[in-house]
Amino acid sequence: MLDSSYVIEGLMITLQIWVGAFLLSVILAVPVAILRRSDNLLLRFIGGIWAWIARGIPPVAWLIIIYFGLSLGIISEVPVYAAIVGLGVVNSAYIGDSIRAGLDAVPTGQWEGAASVGMNLRDTLFRVILPQALPVMLASTAAYSITLLKNTAIASIIGANEMVFYAYNASQVGVNPLVAFLTIGIVYLLFTIPVGLFARWLDARVMRSTTGVAS
Amino acid sequence: MTVPTHSGIALSAREIHKSFGGKEVLKGISADVHKGEHIAIIGPSGSGKSTFIRCLNLLELPDAGTLDLQGERVFDADRRTSASSVRALRRRVGMVFQSFNLFATHTALENVALAQKLVLGRDKNAARKRAEEQLERVGLQDHMQKHPSQLSGGQQQRVAIARSLAMDPEVILFDEPTSAIDPEMRVEVLKVMKELAEAGMTMLMVTHEIQFAQQAADRVMFIADGEALATGTPQEMLVDPPHERIHRFVKAVSGVV
Ligand SMILES: Nc1ncnc2c1ncn2[C@@H]1O[C@H](COP(=O)(O)OP(=O)(O)O)[C@@H](O)[C@H]1O
Ligand SMILES: [Mg+2]
(Lines give C-alpha, C1' and ligand atoms only; values in the text may rest on other atoms or scores of the structure.)
(Ligands and ions follow the chains in the order given, each with its own letter.)
Protein backbone atom coordinates (compact mmCIF):
# COMPACT_ATOMS: atom_id res chain seq x y z
CA MET A 1 0.00 0.00 0.00
CA LEU A 2 1.00 3.58 -0.60
CA ASP A 3 1.67 5.05 2.81
CA SER A 4 -0.95 7.70 3.50
CA SER A 5 1.47 10.02 5.27
CA TYR A 6 3.53 10.14 2.08
CA VAL A 7 0.45 10.96 0.05
CA ILE A 8 -0.31 13.81 2.40
CA GLU A 9 3.28 15.07 2.33
CA GLY A 10 3.26 14.93 -1.45
CA LEU A 11 -0.11 16.65 -1.54
CA MET A 12 1.24 19.51 0.55
CA ILE A 13 4.02 20.08 -1.99
CA THR A 14 1.57 19.73 -4.90
CA LEU A 15 -0.67 22.35 -3.31
CA GLN A 16 2.31 24.62 -2.66
CA ILE A 17 3.30 24.52 -6.32
CA TRP A 18 -0.31 24.92 -7.45
CA VAL A 19 -1.11 27.92 -5.26
CA GLY A 20 2.34 29.48 -5.71
CA ALA A 21 2.29 29.16 -9.50
CA PHE A 22 -1.30 30.41 -9.58
CA LEU A 23 -0.54 33.54 -7.56
CA LEU A 24 2.62 34.25 -9.58
CA SER A 25 0.72 33.78 -12.84
CA VAL A 26 -1.98 36.26 -11.75
CA ILE A 27 0.68 38.82 -10.81
CA LEU A 28 2.40 38.34 -14.19
CA ALA A 29 -0.87 38.23 -16.12
CA VAL A 30 -2.07 41.70 -15.12
CA PRO A 31 0.76 43.54 -16.97
CA VAL A 32 0.52 41.03 -19.84
CA ALA A 33 -3.21 41.77 -20.26
CA ILE A 34 -2.61 45.52 -20.03
CA LEU A 35 0.11 45.29 -22.70
CA ARG A 36 -2.09 43.19 -24.96
CA ARG A 37 -4.99 45.64 -24.69
CA SER A 38 -2.81 48.71 -25.22
CA ASP A 39 -3.45 51.13 -28.07
CA ASN A 40 0.29 51.19 -28.69
CA LEU A 41 1.37 48.71 -31.36
CA LEU A 42 4.80 48.07 -29.81
CA LEU A 43 3.37 47.40 -26.34
CA ARG A 44 0.76 45.06 -27.84
CA PHE A 45 3.57 43.28 -29.67
CA ILE A 46 5.61 42.82 -26.48
CA GLY A 47 2.56 41.43 -24.68
CA GLY A 48 1.88 39.12 -27.61
CA ILE A 49 5.48 37.84 -27.65
CA TRP A 50 5.31 37.05 -23.94
CA ALA A 51 2.12 35.05 -24.37
CA TRP A 52 3.51 33.34 -27.46
CA ILE A 53 6.73 32.20 -25.76
CA ALA A 54 5.04 31.27 -22.49
CA ARG A 55 2.51 29.10 -24.30
CA GLY A 56 4.66 27.86 -27.17
CA ILE A 57 7.15 25.91 -25.05
CA PRO A 58 5.87 22.75 -23.30
CA PRO A 59 5.57 23.22 -19.53
CA VAL A 60 7.98 20.35 -18.88
CA ALA A 61 10.62 22.08 -20.99
CA TRP A 62 10.03 25.33 -19.12
CA LEU A 63 10.71 23.60 -15.80
CA ILE A 64 13.89 21.95 -17.03
CA ILE A 65 15.13 25.18 -18.61
CA ILE A 66 14.52 27.10 -15.40
CA TYR A 67 15.84 24.41 -13.11
CA PHE A 68 18.96 23.33 -14.96
CA GLY A 69 19.60 26.00 -17.52
CA LEU A 70 19.37 29.28 -15.78
CA SER A 71 21.45 29.12 -12.66
CA LEU A 72 19.43 31.81 -11.04
CA GLY A 73 20.82 31.20 -7.56
CA ILE A 74 17.88 30.72 -5.24
CA ILE A 75 15.48 29.45 -7.88
CA SER A 76 17.66 26.72 -9.33
CA GLU A 77 18.47 25.29 -5.94
CA VAL A 78 14.96 24.40 -4.90
CA PRO A 79 12.94 22.32 -7.37
CA VAL A 80 9.67 23.52 -5.85
CA TYR A 81 10.55 27.16 -6.57
CA ALA A 82 11.66 26.32 -10.11
CA ALA A 83 8.32 24.57 -10.63
CA ILE A 84 6.40 27.56 -9.27
CA VAL A 85 8.27 29.96 -11.56
CA GLY A 86 8.04 27.72 -14.64
CA LEU A 87 4.35 26.91 -14.27
CA GLY A 88 3.63 30.50 -13.21
CA VAL A 89 5.13 31.79 -16.45
CA VAL A 90 3.17 29.32 -18.58
CA ASN A 91 -0.10 29.97 -16.77
CA SER A 92 0.36 33.76 -16.94
CA ALA A 93 -0.34 33.64 -20.68
CA TYR A 94 -3.64 31.85 -20.08
CA ILE A 95 -4.70 34.05 -17.17
CA GLY A 96 -3.74 37.05 -19.30
CA ASP A 97 -6.22 35.77 -21.88
CA SER A 98 -8.86 35.40 -19.17
CA ILE A 99 -8.38 38.96 -18.01
CA ARG A 100 -8.47 40.23 -21.56
CA ALA A 101 -11.60 38.25 -22.39
CA GLY A 102 -13.26 39.50 -19.21
CA LEU A 103 -12.55 43.12 -20.08
CA ASP A 104 -13.58 42.59 -23.70
CA ALA A 105 -16.91 41.17 -22.51
CA VAL A 106 -17.85 44.53 -20.99
CA PRO A 107 -19.44 46.80 -23.63
CA THR A 108 -17.60 50.08 -24.34
CA GLY A 109 -20.82 51.88 -23.39
CA GLN A 110 -20.07 51.02 -19.75
CA TRP A 111 -16.74 52.87 -19.96
CA GLU A 112 -18.43 55.77 -21.71
CA GLY A 113 -21.28 55.94 -19.21
CA ALA A 114 -18.72 56.24 -16.40
CA ALA A 115 -16.65 58.77 -18.36
CA SER A 116 -19.72 60.89 -19.07
CA VAL A 117 -20.24 61.56 -15.36
CA GLY A 118 -16.57 62.40 -14.83
CA MET A 119 -15.45 59.18 -13.12
CA ASN A 120 -11.70 58.48 -13.03
CA LEU A 121 -10.04 55.31 -14.30
CA ARG A 122 -9.73 53.66 -10.91
CA ASP A 123 -13.37 54.18 -9.93
CA THR A 124 -14.51 53.16 -13.40
CA LEU A 125 -12.54 49.92 -13.18
CA PHE A 126 -13.44 48.96 -9.64
CA ARG A 127 -17.02 50.20 -9.46
CA VAL A 128 -18.31 49.62 -12.99
CA ILE A 129 -16.10 47.40 -15.16
CA LEU A 130 -14.65 44.73 -12.85
CA PRO A 131 -18.00 43.79 -11.26
CA GLN A 132 -19.04 42.75 -14.78
CA ALA A 133 -15.69 41.43 -15.99
CA LEU A 134 -14.76 39.43 -12.90
CA PRO A 135 -17.29 36.59 -13.28
CA VAL A 136 -16.13 36.11 -16.89
CA MET A 137 -12.48 36.16 -15.81
CA LEU A 138 -13.08 33.80 -12.90
CA ALA A 139 -14.91 31.20 -14.97
CA SER A 140 -12.01 30.72 -17.39
CA THR A 141 -9.40 31.21 -14.68
CA ALA A 142 -10.94 28.36 -12.70
CA ALA A 143 -10.84 26.15 -15.78
CA TYR A 144 -7.17 27.00 -16.38
CA SER A 145 -6.32 26.35 -12.76
CA ILE A 146 -7.41 22.73 -13.24
CA THR A 147 -4.87 22.38 -16.03
CA LEU A 148 -2.33 24.06 -13.77
CA LEU A 149 -2.97 21.57 -10.97
CA LYS A 150 -2.48 18.63 -13.33
CA ASN A 151 0.69 20.23 -14.69
CA THR A 152 2.22 20.26 -11.21
CA ALA A 153 2.76 16.53 -11.78
CA ILE A 154 5.67 17.27 -14.10
CA ALA A 155 7.54 18.98 -11.26
CA SER A 156 8.62 15.46 -10.23
CA ILE A 157 10.95 15.49 -13.25
CA ILE A 158 13.14 18.13 -11.65
CA GLY A 159 12.91 16.38 -8.31
CA ALA A 160 10.15 18.26 -6.55
CA ASN A 161 8.73 15.83 -4.00
CA GLU A 162 5.08 16.28 -4.88
CA MET A 163 2.49 13.49 -5.19
CA VAL A 164 3.71 11.90 -8.41
CA PHE A 165 7.23 11.83 -6.98
CA TYR A 166 6.03 9.83 -3.95
CA ALA A 167 3.82 7.55 -6.00
CA TYR A 168 6.71 6.77 -8.32
CA ASN A 169 9.10 6.14 -5.44
CA ALA A 170 6.57 3.91 -3.72
CA SER A 171 6.11 1.86 -6.85
CA GLN A 172 9.90 1.47 -7.03
CA VAL A 173 9.97 -0.10 -3.58
CA GLY A 174 7.25 -2.67 -4.10
CA VAL A 175 3.91 -0.86 -4.01
CA ASN A 176 1.71 -1.83 -6.93
CA PRO A 177 2.10 1.10 -9.39
CA LEU A 178 -1.57 0.86 -10.32
CA VAL A 179 -2.58 1.30 -6.70
CA ALA A 180 -0.06 4.07 -6.10
CA PHE A 181 -1.14 6.15 -9.08
CA LEU A 182 -4.86 5.42 -8.70
CA THR A 183 -4.59 6.69 -5.15
CA ILE A 184 -3.07 10.01 -6.14
CA GLY A 185 -5.42 10.18 -9.15
CA ILE A 186 -8.32 10.19 -6.73
CA VAL A 187 -6.64 12.90 -4.67
CA TYR A 188 -6.29 15.06 -7.81
CA LEU A 189 -9.99 14.53 -8.54
CA LEU A 190 -10.89 15.69 -5.03
CA PHE A 191 -9.56 19.10 -6.10
CA THR A 192 -10.33 19.25 -9.81
CA ILE A 193 -13.99 18.27 -9.52
CA PRO A 194 -15.05 21.06 -7.11
CA VAL A 195 -13.04 23.63 -9.04
CA GLY A 196 -14.59 22.38 -12.29
CA LEU A 197 -18.09 22.60 -10.83
CA PHE A 198 -17.34 26.11 -9.61
CA ALA A 199 -16.18 27.08 -13.12
CA ARG A 200 -19.36 25.65 -14.64
CA TRP A 201 -21.56 27.40 -12.13
CA LEU A 202 -19.82 30.72 -12.85
CA ASP A 203 -20.10 30.12 -16.57
CA ALA A 204 -23.83 29.51 -16.29
CA ARG A 205 -24.20 32.66 -14.22
CA VAL A 206 -22.31 34.70 -16.78
CA MET A 207 -24.40 33.25 -19.62
CA ARG A 208 -27.59 34.12 -17.75
CA SER A 209 -26.56 37.69 -17.07
CA THR A 210 -25.35 38.33 -20.64
CA THR A 211 -28.59 37.02 -22.10
CA GLY A 212 -30.44 39.58 -20.01
CA VAL A 213 -32.32 37.39 -17.55
CA ALA A 214 -32.07 38.95 -14.11
CA SER A 215 -30.45 36.68 -11.55
CA MET B 1 -41.38 78.06 -27.78
CA THR B 2 -40.03 81.59 -27.57
CA VAL B 3 -36.33 82.35 -27.92
CA PRO B 4 -35.13 83.09 -24.39
CA THR B 5 -33.34 86.29 -23.59
CA HIS B 6 -29.89 84.86 -23.21
CA SER B 7 -27.87 85.84 -20.22
CA GLY B 8 -24.66 84.47 -21.70
CA ILE B 9 -23.01 81.63 -23.53
CA ALA B 10 -22.98 78.33 -21.65
CA LEU B 11 -20.96 76.35 -24.16
CA SER B 12 -18.98 77.57 -27.11
CA ALA B 13 -17.30 75.24 -29.60
CA ARG B 14 -14.99 76.76 -32.19
CA GLU B 15 -13.83 75.15 -35.40
CA ILE B 16 -13.98 71.54 -34.20
CA HIS B 17 -12.10 69.19 -36.51
CA LYS B 18 -11.92 65.42 -36.19
CA SER B 19 -10.56 62.69 -38.44
CA PHE B 20 -10.70 58.93 -38.09
CA GLY B 21 -7.87 57.13 -39.87
CA GLY B 22 -7.28 59.90 -42.38
CA LYS B 23 -10.97 60.46 -43.06
CA GLU B 24 -12.11 63.93 -42.01
CA VAL B 25 -15.43 63.47 -40.23
CA LEU B 26 -15.75 66.98 -38.78
CA LYS B 27 -14.55 69.80 -41.01
CA GLY B 28 -14.61 72.70 -38.58
CA ILE B 29 -17.97 72.94 -36.82
CA SER B 30 -18.70 75.81 -34.44
CA ALA B 31 -21.65 76.31 -32.12
CA ASP B 32 -22.63 78.67 -29.31
CA VAL B 33 -25.17 77.38 -26.85
CA HIS B 34 -26.62 80.15 -24.73
CA LYS B 35 -27.71 79.58 -21.14
CA GLY B 36 -31.17 78.07 -21.12
CA GLU B 37 -31.11 77.51 -24.86
CA HIS B 38 -32.20 74.28 -26.57
CA ILE B 39 -30.53 73.43 -29.83
CA ALA B 40 -31.58 70.48 -31.94
CA ILE B 41 -29.04 68.97 -34.33
CA ILE B 42 -30.42 67.15 -37.35
CA GLY B 43 -28.81 65.65 -40.41
CA PRO B 44 -28.34 62.42 -42.34
CA SER B 45 -26.72 59.46 -40.61
CA GLY B 46 -22.95 59.31 -40.94
CA SER B 47 -22.73 63.09 -41.26
CA GLY B 48 -20.81 63.49 -37.97
CA LYS B 49 -23.56 64.48 -35.50
CA SER B 50 -22.52 61.95 -32.87
CA THR B 51 -18.84 62.69 -33.35
CA PHE B 52 -19.51 66.40 -32.90
CA ILE B 53 -21.54 65.96 -29.74
CA ARG B 54 -18.98 63.48 -28.36
CA CYS B 55 -16.25 66.06 -28.98
CA LEU B 56 -18.14 68.47 -26.73
CA ASN B 57 -17.51 66.32 -23.65
CA LEU B 58 -14.22 64.95 -24.98
CA LEU B 59 -15.36 61.36 -25.45
CA GLU B 60 -13.57 62.07 -28.71
CA LEU B 61 -10.58 64.40 -28.58
CA PRO B 62 -10.88 67.00 -31.36
CA ASP B 63 -7.84 67.28 -33.65
CA ALA B 64 -8.31 71.03 -33.81
CA GLY B 65 -10.58 73.58 -32.18
CA THR B 66 -11.45 74.97 -28.77
CA LEU B 67 -14.19 74.60 -26.17
CA ASP B 68 -15.30 77.26 -23.69
CA LEU B 69 -17.69 76.81 -20.77
CA GLN B 70 -19.20 80.06 -19.43
CA GLY B 71 -16.44 81.95 -21.17
CA GLU B 72 -13.69 79.84 -19.64
CA ARG B 73 -11.34 77.95 -21.97
CA VAL B 74 -11.69 74.28 -21.04
CA PHE B 75 -10.14 72.67 -24.10
CA ASP B 76 -7.67 73.73 -26.74
CA ALA B 77 -6.46 71.16 -29.25
CA ASP B 78 -3.15 73.04 -29.51
CA ARG B 79 -2.39 72.52 -25.83
CA ARG B 80 -1.74 69.41 -23.81
CA THR B 81 -4.94 68.06 -22.26
CA SER B 82 -4.65 66.41 -18.85
CA ALA B 83 -6.92 63.58 -17.76
CA SER B 84 -8.08 65.66 -14.81
CA SER B 85 -9.09 68.60 -17.00
CA VAL B 86 -11.08 66.19 -19.17
CA ARG B 87 -12.88 64.93 -16.08
CA ALA B 88 -13.46 68.47 -14.86
CA LEU B 89 -15.17 69.29 -18.15
CA ARG B 90 -17.30 66.15 -18.04
CA ARG B 91 -18.50 67.05 -14.56
CA ARG B 92 -19.98 70.20 -16.07
CA VAL B 93 -21.33 68.76 -19.34
CA GLY B 94 -23.84 65.93 -19.06
CA MET B 95 -24.37 63.29 -21.73
CA VAL B 96 -27.33 61.08 -22.58
CA PHE B 97 -26.51 58.29 -25.02
CA GLN B 98 -28.59 56.53 -27.62
CA SER B 99 -27.83 53.21 -25.88
CA PHE B 100 -28.39 54.55 -22.30
CA ASN B 101 -25.10 53.10 -20.99
CA LEU B 102 -26.42 52.55 -17.49
CA PHE B 103 -24.15 50.65 -15.11
CA ALA B 104 -25.39 47.09 -15.55
CA THR B 105 -24.56 45.80 -12.07
CA HIS B 106 -26.15 48.72 -10.23
CA THR B 107 -29.79 49.53 -9.44
CA ALA B 108 -31.44 52.63 -10.88
CA LEU B 109 -30.87 54.41 -7.58
CA GLU B 110 -27.18 53.44 -7.47
CA ASN B 111 -26.75 54.49 -11.08
CA VAL B 112 -27.86 57.97 -10.17
CA ALA B 113 -26.03 58.13 -6.83
CA LEU B 114 -22.67 56.57 -7.72
CA ALA B 115 -20.91 59.45 -9.48
CA GLN B 116 -22.33 61.97 -7.02
CA LYS B 117 -20.39 60.15 -4.31
CA LEU B 118 -17.25 59.31 -6.28
CA VAL B 119 -16.92 62.44 -8.40
CA LEU B 120 -18.65 65.21 -6.47
CA GLY B 121 -17.77 63.81 -3.05
CA ARG B 122 -21.34 64.02 -1.75
CA ASP B 123 -21.99 61.93 1.32
CA LYS B 124 -24.10 58.80 1.07
CA ASN B 125 -27.34 60.32 2.35
CA ALA B 126 -27.11 63.47 0.28
CA ALA B 127 -26.38 61.46 -2.88
CA ARG B 128 -29.25 59.10 -2.17
CA LYS B 129 -31.68 61.92 -1.50
CA ARG B 130 -30.72 63.73 -4.67
CA ALA B 131 -30.93 60.47 -6.67
CA GLU B 132 -34.44 59.84 -5.35
CA GLU B 133 -35.50 63.37 -6.26
CA GLN B 134 -34.20 63.05 -9.80
CA LEU B 135 -35.76 59.62 -10.30
CA GLU B 136 -39.08 61.03 -9.10
CA ARG B 137 -38.65 63.92 -11.48
CA VAL B 138 -38.46 61.51 -14.43
CA GLY B 139 -41.37 59.45 -13.09
CA LEU B 140 -39.45 56.41 -11.82
CA GLN B 141 -40.18 56.55 -8.10
CA ASP B 142 -41.52 52.99 -8.26
CA HIS B 143 -38.48 51.52 -10.02
CA MET B 144 -35.54 52.75 -7.97
CA GLN B 145 -34.38 49.33 -6.82
CA LYS B 146 -34.50 47.71 -10.26
CA HIS B 147 -31.48 46.89 -12.38
CA PRO B 148 -31.24 48.18 -15.95
CA SER B 149 -32.08 44.73 -17.36
CA GLN B 150 -35.43 44.89 -15.53
CA LEU B 151 -36.39 48.23 -17.08
CA SER B 152 -37.82 49.10 -20.50
CA GLY B 153 -35.77 51.20 -22.90
CA GLY B 154 -37.82 54.28 -22.09
CA GLN B 155 -37.32 53.72 -18.36
CA GLN B 156 -33.60 53.12 -18.78
CA GLN B 157 -33.22 56.33 -20.73
CA ARG B 158 -35.05 58.24 -18.04
CA VAL B 159 -32.65 56.80 -15.43
CA ALA B 160 -29.80 57.98 -17.66
CA ILE B 161 -31.30 61.47 -17.75
CA ALA B 162 -31.67 61.42 -13.96
CA ARG B 163 -28.04 60.26 -13.64
CA SER B 164 -26.92 63.21 -15.68
CA LEU B 165 -29.19 65.70 -13.89
CA ALA B 166 -27.96 64.61 -10.46
CA MET B 167 -24.52 65.98 -11.34
CA ASP B 168 -25.97 69.49 -11.78
CA PRO B 169 -24.49 69.96 -15.25
CA GLU B 170 -24.36 73.33 -16.97
CA VAL B 171 -25.34 71.74 -20.29
CA ILE B 172 -26.76 68.34 -21.19
CA LEU B 173 -25.93 66.71 -24.52
CA PHE B 174 -28.34 64.17 -25.99
CA ASP B 175 -27.31 61.83 -28.80
CA GLU B 176 -30.48 60.47 -30.43
CA PRO B 177 -31.96 59.65 -27.02
CA THR B 178 -35.07 57.97 -28.43
CA SER B 179 -33.64 56.09 -31.42
CA ALA B 180 -33.05 52.84 -29.54
CA ILE B 181 -36.47 52.86 -27.87
CA ASP B 182 -39.73 51.28 -29.02
CA PRO B 183 -41.96 53.97 -30.56
CA GLU B 184 -44.65 53.69 -27.88
CA MET B 185 -42.05 54.29 -25.14
CA ARG B 186 -40.45 57.29 -26.84
CA VAL B 187 -43.11 59.71 -25.76
CA GLU B 188 -42.28 59.32 -22.06
CA VAL B 189 -38.64 60.26 -22.74
CA LEU B 190 -39.62 63.18 -24.96
CA LYS B 191 -42.01 64.38 -22.27
CA VAL B 192 -39.20 64.42 -19.70
CA MET B 193 -36.97 66.29 -22.14
CA LYS B 194 -39.67 68.86 -22.80
CA GLU B 195 -40.09 69.42 -19.06
CA LEU B 196 -36.35 69.91 -18.72
CA ALA B 197 -36.40 72.43 -21.52
CA GLU B 198 -39.27 74.30 -19.90
CA ALA B 199 -37.37 74.32 -16.60
CA GLY B 200 -34.57 76.21 -18.34
CA MET B 201 -31.95 73.48 -18.73
CA THR B 202 -29.37 74.19 -21.43
CA MET B 203 -29.64 71.39 -23.97
CA LEU B 204 -28.00 70.27 -27.20
CA MET B 205 -29.85 67.37 -28.76
CA VAL B 206 -29.18 65.25 -31.80
CA THR B 207 -32.61 63.99 -32.84
CA HIS B 208 -34.68 62.66 -35.70
CA GLU B 209 -37.92 63.68 -33.98
CA ILE B 210 -38.85 66.64 -36.15
CA GLN B 211 -42.06 67.36 -34.31
CA PHE B 212 -40.25 67.36 -30.99
CA ALA B 213 -37.54 69.65 -32.36
CA GLN B 214 -40.22 72.01 -33.54
CA GLN B 215 -41.78 72.17 -30.10
CA ALA B 216 -38.74 72.11 -27.84
CA ALA B 217 -35.87 73.68 -29.76
CA ASP B 218 -34.99 77.36 -29.93
CA ARG B 219 -32.63 76.73 -32.80
CA VAL B 220 -32.04 73.89 -35.22
CA MET B 221 -28.65 73.06 -36.71
CA PHE B 222 -28.32 70.95 -39.84
CA ILE B 223 -25.09 68.96 -40.21
CA ALA B 224 -24.12 67.32 -43.48
CA ASP B 225 -20.77 65.78 -44.42
CA GLY B 226 -19.07 67.08 -41.30
CA GLU B 227 -20.15 70.66 -41.76
CA ALA B 228 -22.88 72.82 -40.24
CA LEU B 229 -24.81 73.62 -43.39
CA ALA B 230 -27.27 75.99 -41.73
CA THR B 231 -28.64 77.03 -38.36
CA GLY B 232 -31.94 78.80 -37.72
CA THR B 233 -35.20 78.82 -35.84
CA PRO B 234 -37.36 75.70 -36.10
CA GLN B 235 -39.68 77.69 -38.33
CA GLU B 236 -36.87 78.63 -40.71
CA MET B 237 -35.23 75.24 -40.72
CA LEU B 238 -38.12 72.80 -40.57
CA VAL B 239 -41.12 74.55 -42.08
CA ASP B 240 -39.41 76.51 -44.81
CA PRO B 241 -35.86 75.11 -45.11
CA PRO B 242 -33.21 77.40 -46.65
CA HIS B 243 -31.63 74.56 -48.69
CA GLU B 244 -33.08 71.98 -50.97
CA ARG B 245 -30.97 69.39 -49.12
CA ILE B 246 -32.52 70.23 -45.74
CA HIS B 247 -35.95 70.30 -47.28
CA ARG B 248 -35.52 66.77 -48.63
CA PHE B 249 -34.12 65.54 -45.33
CA VAL B 250 -36.95 67.00 -43.25
CA LYS B 251 -39.52 65.58 -45.64
CA ALA B 252 -37.97 62.11 -45.53
CA VAL B 253 -37.63 62.04 -41.73
CA SER B 254 -41.13 63.41 -41.12
CA GLY B 255 -42.53 60.79 -43.48
CA VAL B 256 -41.12 58.01 -41.31
CA VAL B 257 -42.48 59.55 -38.09
N1 LIG C 1 -14.50 55.73 -33.60
C2 LIG C 1 -14.59 55.83 -34.94
N3 LIG C 1 -13.65 55.28 -35.73
C4 LIG C 1 -13.73 55.39 -37.07
N5 LIG C 1 -14.71 56.00 -37.74
C6 LIG C 1 -15.67 56.57 -37.00
C7 LIG C 1 -15.67 56.51 -35.58
N8 LIG C 1 -16.78 57.17 -35.13
C9 LIG C 1 -17.44 57.61 -36.22
N10 LIG C 1 -16.77 57.26 -37.35
C11 LIG C 1 -17.18 57.59 -38.70
O12 LIG C 1 -17.42 58.97 -38.77
C13 LIG C 1 -18.54 59.26 -39.58
C14 LIG C 1 -19.54 60.06 -38.80
O15 LIG C 1 -20.11 59.24 -37.81
P16 LIG C 1 -21.14 59.75 -36.72
O17 LIG C 1 -20.56 60.94 -36.05
O18 LIG C 1 -21.50 58.60 -35.88
O19 LIG C 1 -22.37 60.21 -37.64
P20 LIG C 1 -23.89 60.43 -37.26
O21 LIG C 1 -24.00 60.47 -35.77
O22 LIG C 1 -24.26 61.72 -37.91
O23 LIG C 1 -24.65 59.29 -37.84
C24 LIG C 1 -19.06 57.92 -40.07
O25 LIG C 1 -18.56 57.70 -41.37
C26 LIG C 1 -18.47 56.93 -39.10
O27 LIG C 1 -18.25 55.70 -39.74
MG1 LIG D 1 -25.14 59.21 -34.48
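In the text below, chain A, chain B and the rest are named by the order of the sequence lines, each starting its count at 1.
A side chain to side chain donor-acceptor pair (under 3.5 Å) with B:H143 is found for one member of B:K146, B:Q145, B:Q141 and no other, namely B:K146.
With A:W201 as the aromatic partner, A:R205 meets the cation-pi criteria of under 6.0 angstrom to the ring centre and within 45 degrees of the ring axis.
When heavy atoms are compared at a cutoff of 4.5 Å, B:F97 approaches chain A solely by way of its side chain, counted from C-beta outward. Only the side chain of B:L59 comes within less than 4.5 Å of a heavy atom in chain A; its backbone stays farther off. Neither the backbone nor the side chain of B:V86 comes within contact range of chain A; no heavy atoms are under 4.5 Å apart.
When all heavy atoms of A:A82 and A:L63 are compared, the closest pair comes out as O-CD2, 4.0 Å. Closest approach of A:F198 to A:A142, counting heavy atoms only: CD2-CB, 4.2 Å.
Side chains of B:N101 and B:S99: a donor on one and an acceptor on the other come within 3.5 Å.
Top candidate by heavy-atom pairs under 4.5 Å with chain A, chosen from B:R90, B:R91, B:R92, B:H147, is B:R90. With chain A as the partner, the residue from B:H106, B:Q116, B:R54 showing the most heavy-atom pairs under 4.5 Å is B:R54. Across B:L58, B:L102, B:N57, B:V96, the residue that shares the most heavy-atom pairs under 4.5 angstrom with chain A is B:L102.
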